[in-house]
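Right, one structure below, let's go through it.
If you read the sequence from its start, that first residue is 1, and numbering goes on from there. Values below: all heavy atoms of this structure, side chains included; hydrogens, waters and symmetry mates excluded.
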Amino acid sequence: QVQLDESGGRSVQAGGSLRLSCAASGFAFRNYGMGWFRQAPGKEREFVAALDRSANITNYADSVKGRFTISRDNAKNTVYLQMNSLKAEDSAVYYCARTVRGNPPSILQAYYDWGQGTQVTVSS
């Protein structure tokens, strides 16, 4: 049974940092690219960051470039999202998902097996 469990979300002041984790199980984690998306109330789910199975290729939304870093530990079956210089507009539920695409895409439809999400709230 495929499972993706996001954690690490909490309330933080603007300018602060958080590290989100996504623990994967039920599939060969090292064979898949992984992505992070987010969804704010009343908005569509949007791409944040992704990386390929070897962590050699990364892809970031323009809104987070230079502030967020995606990484993975294949030994721990976990993908991370380090978020620095957080802004109020980063507030959302953050989700991870997997993709079979080699060059990690930014389109929602390329990902599947979504986790339950973790809430990030940034107060200004």
Side-chain angles (χ1 to χ4, degrees):
Q1 177 182 354
V2 172
Q3 196 163 344
L4 295 171
D5 292 319
E6 302 94 338
S7 62
R10 62 177 176 88
S11 295
V12 65
Q13 293 282 338
S17 298
L18 283 177
R19 189 176 82 154
L20 305 184
S21 300
C22 171
S25 60
F27 66 98
F29 179 76
R30 65 181 66 248
N31 290 340
Y32 290 84
M34 297 297 295
W36 284 97
F37 287 73
R38 66 187 181 188
Q39 188 166 18
K43 295 187 176 181
E44 294 185 350
R45 192 168 299 190
E46 64 174 6
F47 171 75
V48 176
L51 80 172
D52 73 325
R53 60 185 183 179
S54 300
N56 291 326
I57 303 172
T58 56
N59 187 7
Y60 293 94
D62 288 343
S63 60
V64 307
K65 278 181 183 175
R67 300 188 298 123
F68 290 12
T69 303
I70 188 172
S71 62
R72 67 189 295 160
D73 185 339
N74 285 346
K76 295 183 178 180
N77 288 356
T78 301
V79 60
Y80 304 98
L81 185 67
Q82 177 66 43
M83 307 188 295
N84 299 329
S85 302
L86 283 162
K87 305 175 181 180
E89 51 263 43
D90 294 319
S91 297
V93 177
Y94 283 71
Y95 300 90
C96 67
R98 60 173 175 158
T99 180
V100 296
R101 304 274 188 95
N103 196 1
S106 59
I107 57 172
L108 188 71
Q109 292 78 7
Y111 292 84
Y112 55 103
D113 290 329
W114 298 88
Q116 292 298 307
T118 186
Q119 176 72 51
V120 172
T121 303
V122 184
S123 56
S124 56

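Atom CH2 of Trp36 sits about 10.5 Å away from atom OH of Tyr80, to the nearest 0.5 Å. With rounding to the nearest 0.5 Å, the separation of CG in Asp52 from CD1 in Ile57 is 4.5 Å. Atom CZ of Arg101 sits about 4.5 Å away from atom CD1 of Ile107, to the nearest 0.5 Å. A distance of 11.0 Å separates OG1 of Thr99 from CD of Gln109, quoted to the nearest 0.5 Å. Rounded to the nearest 0.5 angstrom, Thr121 OG1 and Gln13 CD are separated by 11.5 Å. Here the straight-line distance linking atom CG of Asn103 with atom CG of Asn59 works out to 7.5 Å at 0.5 Å rounding.
The heavy-atom pair separating Ser21 from Thr78 by the smallest distance is CB-CG2, 4.2 Å. Contact detail for Val12 and Leu18: the closest heavy-atom pair is CG1-CD1, 4.1 Å. What you find for Tyr112 and Val100 is that their closest heavy atoms are OH-CG1, 3.1 Å. The two atoms that bring Gly8 and Thr118 nearest to each other are N-OG1, 3.9 Å, heavy atoms only. In terms of heavy-atom proximity, Leu4 sits nearest to Arg98 at CD1-N, 4.3 Å. In terms of heavy atoms, Leu51 sits closest to Ala55 at CD1-CB, 3.6 Å.
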side-chain contact (heavy atoms from CB on, under 4.5 Å) between Arg53 and Arg30, worked out
CA-CA 6 Å; Arg53 60 185 183 179; Arg30 65 181 66 248; 5.9 Å; no
Decide yes or no on side-chain contact (heavy atoms from CB on, under 4.5 Å) for Tyr94 and Cys22, but give the supporting numbers first.
CA-CA 10 Å; Tyr94 283 71; Cys22 171; over 6 Å; no
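The salt bridge (charged side-chain N to carboxylate O under 4.0 Å, His left out) test with Arg38 singles out one residue from Glu46, Glu44, Glu89, and that residue is Glu46.
Remark: Arg45 is not positioned above the aromatic ring of Tyr111, lacking an NZ or CZ atom under 6.0 angstrom from the ring centre and at most 45 degrees off the axis.
The aromatic ring centres of Trp114 and Phe37 sit less than 6.0 Å apart.
The number of heavy atoms from other shown groups lying within 6.0 Å of CD (Gln116) does not exceed 12.
Between Met83 and Val122 the shortest side-chain heavy-atom distance does not fall below 4.5 Å. For the pair Arg67/Asp90, a side-chain contact is recorded, criterion being any heavy-atom separation below 4.5 Å from C-beta on.
Val120 and Phe68 fall within the same hydrophobic cluster, defined by Ile, Leu, Val, Met, Phe, Trp and Tyr side-chain heavy atoms under 4.5 Å apart, directly or through other members. Under a hydrophobic clustering in which Ile, Leu, Val, Met, Phe, Trp and Tyr are joined whenever their side-chain heavy atoms come within less than 4.5 Å, directly or via other members, Tyr60 and Leu86 fall into the same cluster.
Side-chain contact annotation: Asn74 with Arg72, donor-acceptor N/O pair under 3.5 Å present.
Classified by interplanar angle (parallel below 30°, tilted 30° to 60°, perpendicular above 60°), the ring pair Tyr32/Phe27 is perpendicular.
With Tyr95 contributing its side chain and Glu6 its backbone, the two residues share no donor-acceptor pair below 3.5 Å.
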